[in-house]
Amino acid sequence: MIDGKDERLGQPVVQKLMTQWFFRYTRYADELLDFSPLDWPEPIRIMQTNWIGRSEGARVVFKTEGGHAIEVFTTRPDTLWGATFMVLAPEHDLVSKLTTPEQKAAVEAYIADTARQTEIERTSEGRDKTGVFTGGYAINPVTNQRIPVWIADYVMITYGTGAIMAVPSGDQRDFEFARKFRLKIVPVVQPDGQPPLDGATMAEAWAGAGTMIHSGPLNGLVCNGEKGRKNPSIAAAIDHIAKLGVGRESINYRLRDWLISRQRYWGSPIPVIYREDGTIETVPDDQLPVELPQDVKMTGTGNPLGNHAAFVNTVDSEGKPARRETDTMDTFMCSSWYFLRYLSPHYDAAPFDPEEAAYWLPVDVYTGGAEHATMHLLYSRWFNKALRDLGVFDDAAEIMAAHGRDPETAFDEPMKLLRNQGQVLGAERRGDFVIATGQRAGNKLIASRVEVLTAEARRVFESGQQAPPDGAVVGEIVKRTENILNVLDLTDGQLRPVEVSERAELIIPGIPGPNNVNQFKHHLDVQRMSKSKGNVVNPDELVAQYGADTVRAYLMFGFDWGKGGPWNDEQISGVVRWLHDVWEMVLAGSPGAGTNEGARAAGRKAHQAIRKVTDSLEHFSFNTAIAALMTLRNDLRALLRDGTLGGAAWNEAMRDMLLLMAPITPHIAEELWSRRGLPYSIHQQAWPAYDAARAAEDEITLVIMKNGKPVDRVQVAAGIGEDEAKAAALATAGAQRILNGGQPQRVIFIPGRGTVEPKVNIVV
RNA sequence: GGGGGAGUGGCGGAACUGGCAGACGCGCAUGACUUAGGAUCAUGUCUCUCACGAGGUGAGGGUUCGAGUCCCUCCUUCCCCA
C-alpha cells in the first residue's frame with residue numbers, strides 16, 4: 001500500500017468491519033507470559049511479554065445521558081476524578097446513538113476519514129490530535145459531573161473496550177487533545193514539593209507520583225507511581241468503585257485474538273459448514289482435511305472459492321443442503337505446527353504419529369530468526385497449548401509414560417531451547433558506470449548513445465583527469481525503470497534521468513553482441529536476497545566449485561551466526577586452504593618418531609582446541625570453533641616443520657583433529673578417518689574428552705600494567721602465586737620506568753582463570 | 001510512533017561472568033622458490049612516532065585500580081508491528 005492506495009492497481013484502501021474467524025489467543029495470555037520452562041533469548045522473552053502487554057487496572061462503567069453504558073478499562077482508576085471527557089473509537093457501536101443531529105455530518109466525515117488510515121498512523125504519538133464532538137454527554141460515576149463524549153482516531157476499537165475515560169491532567173495524549181479542543185483539565189495528582197497544579201495553566205500532563213487532590217474520598221492519599229494494587233491510590237480507587245457498584249478490578253491485555261480468516265484461495269480451508277437454518281457446524285473428523293479445489297478460476301476479483309459451486313455447496317450432518325465457509329486460514333496456521341508434521345510426514349491417521357511424538361517431543365533445540373519473535377514464535381507456543389488442551393498429545397503422553405519419560409509438562413511448550421540466527425543478505429553491487437550522450441530536455445537526457453565504461457576509463461573521470469564532454473552525462477546507474485536510467489551525475493552529484501530511445505546505440509563491453517537496455521546493471525544496496533531483486537546467491541554453484549563441506553564451513557566461518565550480514569565470498573579461499581592443509585597433513589602420514597617435547601606440545605595444542613571447539617559449538621559460535629581448528633592446523637604444522645611431532649603423538653593429534661572437524665566438514669572428516677583405517681563411522685565416535693592437565697602451559701606471560709595499560713611482560717611459571725607475581729612484576733624494567741624511583745599507590749594482582757593469564761596492575 | 005537488536009583495522013569478524021583490544025581468516029606489503037605466478041612457503045600488517053613512547057572499539061559524559069563490556073545523554077543503522 002502506498003499513500004492509502006493499492007500499490008499495483010491504485011485503488012484506495014479502506015478498512016471495513018467484517019465477520020471473520022478468530023482463535024482465542026487471549027485465553028493463554030497469562031500462560032504465555034510464563035517463560036520459566038524455556039531457555040529462550042532474553043530479547044525474545046521481552047518482546048513477547050510486551051506484545052502480550054498485561055496491564056492491571058479496573059473496568060469502570062459510565063452512563064450516557066440516554067442511559068447507555070460505556071465501559072472503559074483504565075490502569076489508573078485513581079485518576080477517575082480527573083476524567084473530564086470521554087473518547088470513543090470512531091467505530092464504536094454507541095457513536096451513532098450519541099451523535100446529535102447538529103454533529104452528524106462532522107462525525108460521519110470523521111469516521112470515513114479514519115477508515116483510510118493504518119493503525120500505526122493512528123497510534124503515532126507526536127502527530128496532530130484530531131477528533132470530533134458527538135454532541136452527547138456521559139456522567140462521571142464518581143463525581144456525577146456531566147462530561148462530553150468525543151470520538152478520535154487514537155482510540156482503537158480493537159483494543160480494550162474501544163472507549164477511554166480521558167484524564168488530561170495525567171495522560172499526555174489526553175492533555176494535548178484537551179488543550180486543542182479547549183476541554184476542562186482537573187489535576188488529581190499533585191507532585192510533592194511542586195507548586196500547586198492548576199488545570200488552566202499546567203504545561204503538560206503529570207503521570208508520576210504525588211498526593212491525591214480533587215478526588216473526594218481519595219484526597220490526601222499517596223500515589224507512589226507503582227502499577228496496580230501496589231499503589232495505595234489505585235487500591236483505594238478500586239475498592240471505592242466496587243463499593244459504588246460502578247466498576248471492578250480487571251486485567252487487560254494488549255494481545256488480541258488471532259484473526260485467522262483470509263479471503264483468498266491460497267490457504268487451508270476453514271472446516272466449517274453453514275446450515276440452512278443459519279447455525280454452524282464443523283466438518284466431521286472423518287471428512288478432514290477439507291482440500292482446496294484444483295479447478296478454480298482466477299478472475300482477479302473476489303475469492304475464487306466463493307465462485308466454485310462444487311466446493312461451496314455441500315450437505316450438513318443431516319444430509320440437508322449447506323454451504324461451506326470460503327475463507328481460508330492464515331498461513332501462520334501451518335507454520336505454527338509444521339515441526340510436528342515433520343515427525344511423520346506420511347502418517348495419515350492424525351497430524352502426527354504418537355510414537356514418534358513420544359520419542360522426539362518437545363523440540364530440544366530450535367533455531368529461527370529474531371524477526372519472528374512476536375509472530376511465528378508466539379503463535380507456535382499458543383498452538384501447542386491449544387493442541388495440548390484439545391487432547392491431541394494424549395496418546396503420545398501415554399506412550400511416553402510407558403517408556404519411563406514423564407509427560408507431565410512435556411507438551412506445555414513446543415521448543416525448549418531457542419537460538420536466533422541472523423540472515424545472510426544480498427551483497428551490495430555497484431551499478432554500471434556509463435557515459436551517455438544525446439539531446440538535453442530540461443533535467444532529462446534523451447540518449448542516442450550509452451556506453452558502459454571500463455574500470456580504467458571510470459577512474460579517468462572520477463579522478464578528474466578528464467571532464468565529461470559538454471552535454472554528456474557520466475556516472476553510476478543508481479536505478480533503472482524500463483528504459484529510464486537514473487544516473488548519479490558525476491559533475492554535480494545529482495540524480496539525472498536518462499531516457500534510452502529505441503534507436504540508441506548501446507555499448508556494454510562485458511556482454512558481446514547487440515546490447516539492450518535491460519542489460520544495464522543498476523546499483524543494489526545491501527538487502528534481503530530475493531529473486532525479484534536479482535541478488536540471490538545460488539549455493540549449488542558454489543558447491544559445484546568448492547564442494548559441500550567447504551561451502552558449509554565457509555558459511556559457518558565467514559559470518560557471525562547470530563547476526564548474518566551481506567554476502568561476500570572473498571574469504572572462502574581461507575577455508576579452502578585450511579581443508580587442503582588438513583588433507584595433505586593427514587594423508588602424508590607420520591613423519592617419524594618425533595620427540596617427547598613435540599608429543600607434549602601436540603597434546604597441549606590438541607586439548608586447547610578440544611576445549612575451545614566444544615565451548616564454541618555449545619554457544620553456537622561456529623566461526624570461533626573453526627578459528628580454533630585453523631589455529632590447531634597452524635600449531636601442528638609448525639611442530640611438523642620442526643620435526644618434533646611423530647609416532648603415536650601424531651596419530652593421536654590427527655584423530656582428535658578429525659573428530660573436532662566432523663560436525664563442520666562431515667564428508668572430509670569421514671573420508672580422512674576412513675583412509676587412516678579407523679572404524680566407520682567418525683560420526684558415531686565419542687567426542688574427545690578435554691583434559692585440563694594436558695592443555696596447561698608450563699610457562700605463562702605475566703602482563704604488568706600501569707593503571708590498566710600494559711607496560712611490560714615477563715615469563716613466569718604457570719602456577720605463580722600473588723606475592724611472587726607482584727615481586728616479579730615490580731622487578732621488571734617497565735615497572736621501574738613507570739615508578740621512576742617512587743612507590744606505587746597500590747599493586748593489584750589479577751589471578752588467572754580459565755584461559756586468561758594472571759596480571760599485575762600497578763597504580764601510580 | 002512503539003518494541004527489540006547492532007555500531008570494533010582496508011574487509012568478514014574475535015574478546016567467556018569488567019582484566020594484554022584486534023584471535024582466526026581475507027586483502028595488502030616484503031622476501032624465497034620459479035620461464036611464469038592469480039600456486040606454494042617465510043616474515044610483516046590498528047594509528048601516530050626514526051626511536052623512546054603515546055593514542056585507539058559511533059559521539060560526549062560517568063562509575064572503577066582497570067571499560068569494547070556497566071550507567072546516563074545523543075547519533076547512525078537493521079528487524080518486527082497481528
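Numbered from 1 within each chain, the chains take letters A, B, ... in sequence-line order.
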Note to self: Of the options B:C65, B:C20, B:C80, whose atoms approach the side-chain atoms of A:Pro710 most closely?
What the structure shows: B:C20

Notebook entry, point to check: Rounding to the closest angstrom, what is the interatomic distance between B:C52 and B:A15 at atom P?
Noted result: 31 Å

Check: What nucleotide among B:A82, B:C26, B:C80 has an atom nearest to a side-chain atom of A:Glu371?
Finding: B:C80

Checklist line | A:Asp30/A:Arg54 ion pair, N-O < 4.0 Å | finding: yes

Notebook entry, point to check: Any N or O donor-acceptor pair linking the side chain of A:Gln423 to the base of B:C79 at under 3.5 Å?
Noted result: no

Notebook entry, point to check: Say you pick atom P in B:C65 and the same atom in B:U17; how far apart are they, in whole Å?
Noted result: 22 Å

Next item on the list: To the nearest Å, give me how far apart CG (A:Asp581) and P (B:A39) are.
Entry: 14 Å

Notebook entry, point to check: Taking the chi torsion of B:G9, is it syn (within 90° of 0) or anti (everything else)?
Noted result: syn

Check: Taking the C1' atom of each, how far is B:G27 from B:G9, in whole Å?
Finding: 12 Å

Check: Closest to the A:Thr374 side chain: B:C41, B:A82, B:C80?
Finding: B:C80

Check: For nucleotides 4-11 of chain B, read 5' to 3', which letter fits each nucleotide if B means a protein heavy atom sits under 4.0 Å from the base, S means only the sugar-phosphate is that close, and - means neither?
Finding: SS------

Notebook entry, point to check: Distance between the P atoms of B:G44 and B:C24, in whole angstroms?
Noted result: 12 Å

Next item on the list: Rounded to whole angstrom, note down the C1' distance from B:A21 over to B:G13.
Entry: 13 Å

Checklist line | B:G27 phosphate, OP1 or OP2, under 4.0 Å from A:Arg577 side-chain N/O | finding: yes

Next item on the list: Assign A:Phe557 to base, sugar-phosphate, or nothing according to its heavy-atom contacts below 4.0 angstrom with the strands shown.
Entry: base

Notebook entry, point to check: A:Arg641 side chain: which of B:G13, B:C41, B:G12 is closest?
Noted result: B:C41

Notebook entry, point to check: Once you round it to whole Å, what is the distance between C1' of B:C26 and CZ of A:Phe559?
Noted result: 13 Å

Note to self: With a sphere of 6.0 Å drawn around NZ of A:Lys706, does it hold more than 12 non-hydrogen atoms of other residues, nucleotides or ligands?
What the structure shows: no

Margin query: Is there a side-chain contact between A:Val760 and A:Leu702 in this structure, where contact means two heavy atoms from C-beta onward sitting under 4.5 Å apart?
Written below: yes

Notebook entry, point to check: If you look at every strand shown and take non-hydrogen atoms under 4.0 Å, does A:Asn634 touch a base, only sugar-phosphate, or nothing?
Noted result: sugar-phosphate

Notebook entry, point to check: Which nucleotide sits closest to the side chain of A:Leu255: B:C65, B:C20, B:A82?
Noted result: B:A82

Notebook entry, point to check: For A:Asp691, what residues pass the side-chain contact (heavy atoms from CB on, under 4.5 Å) criterion, not counting sequence neighbours?
Noted result: A:His607, A:Ala693, A:Arg694

Check: Just to confirm, is there a sub-4.0 Å distance from OP1 or OP2 of B:A82 to any side-chain nitrogen or oxygen of A:Arg254?
Finding: no

Checklist line | A:Met705 side chain, from C-beta outward: closest of B:G19, B:C24, B:A23 | finding: B:G19

Checklist line | Phosphate OP1/OP2 of B:C16 contacted by A:Arg611 side-chain N/O (<4.0 Å) | finding: no

Check: Nearest to the side chain of A:Ser573 - B:A42, B:C26, B:G12?
Finding: B:C26

Next item on the list: Return the nearest nucleotide to the side chain of A:Trp51; candidates are B:A82, B:A14, B:G56.
Entry: B:A82

Check: Tell me: NE2 of A:His619 to P of B:A14, nearest whole Å?
Finding: 14 Å

Margin query: In whole Å, measure the gap between the P atoms of B:G62 and B:U57 for me.
Written below: 15 Å

Next item on the list: Among A:Trp337, A:Trp258, A:Tyr379, A:Phe23, find the residue that satisfies the ring-ring contact (aromatic ring centres under 6.0 Å, His included) test when tested with A:Phe332.
Entry: A:Tyr379

Note to self: On the nucleotide B:G66, are OP1 or OP2 found under 4.0 Å from the side-chain N or O atoms that A:Arg746 carries?
What the structure shows: no

Checklist line | Which nucleotide in B:C81, B:C65, B:C24 has an atom nearest any side-chain atom of A:Asn707 | finding: B:C65

Margin query: Can you tell me if A:Asn623 touches the phosphate of B:A14, counting only side-chain N or O atoms and a distance under 4.0 Å to OP1 or OP2?
Written below: yes

Margin query: When the C1' atoms of B:U8 and B:G56 are compared, how many Å lie between them, rounded to an integer?
Written below: 10 Å

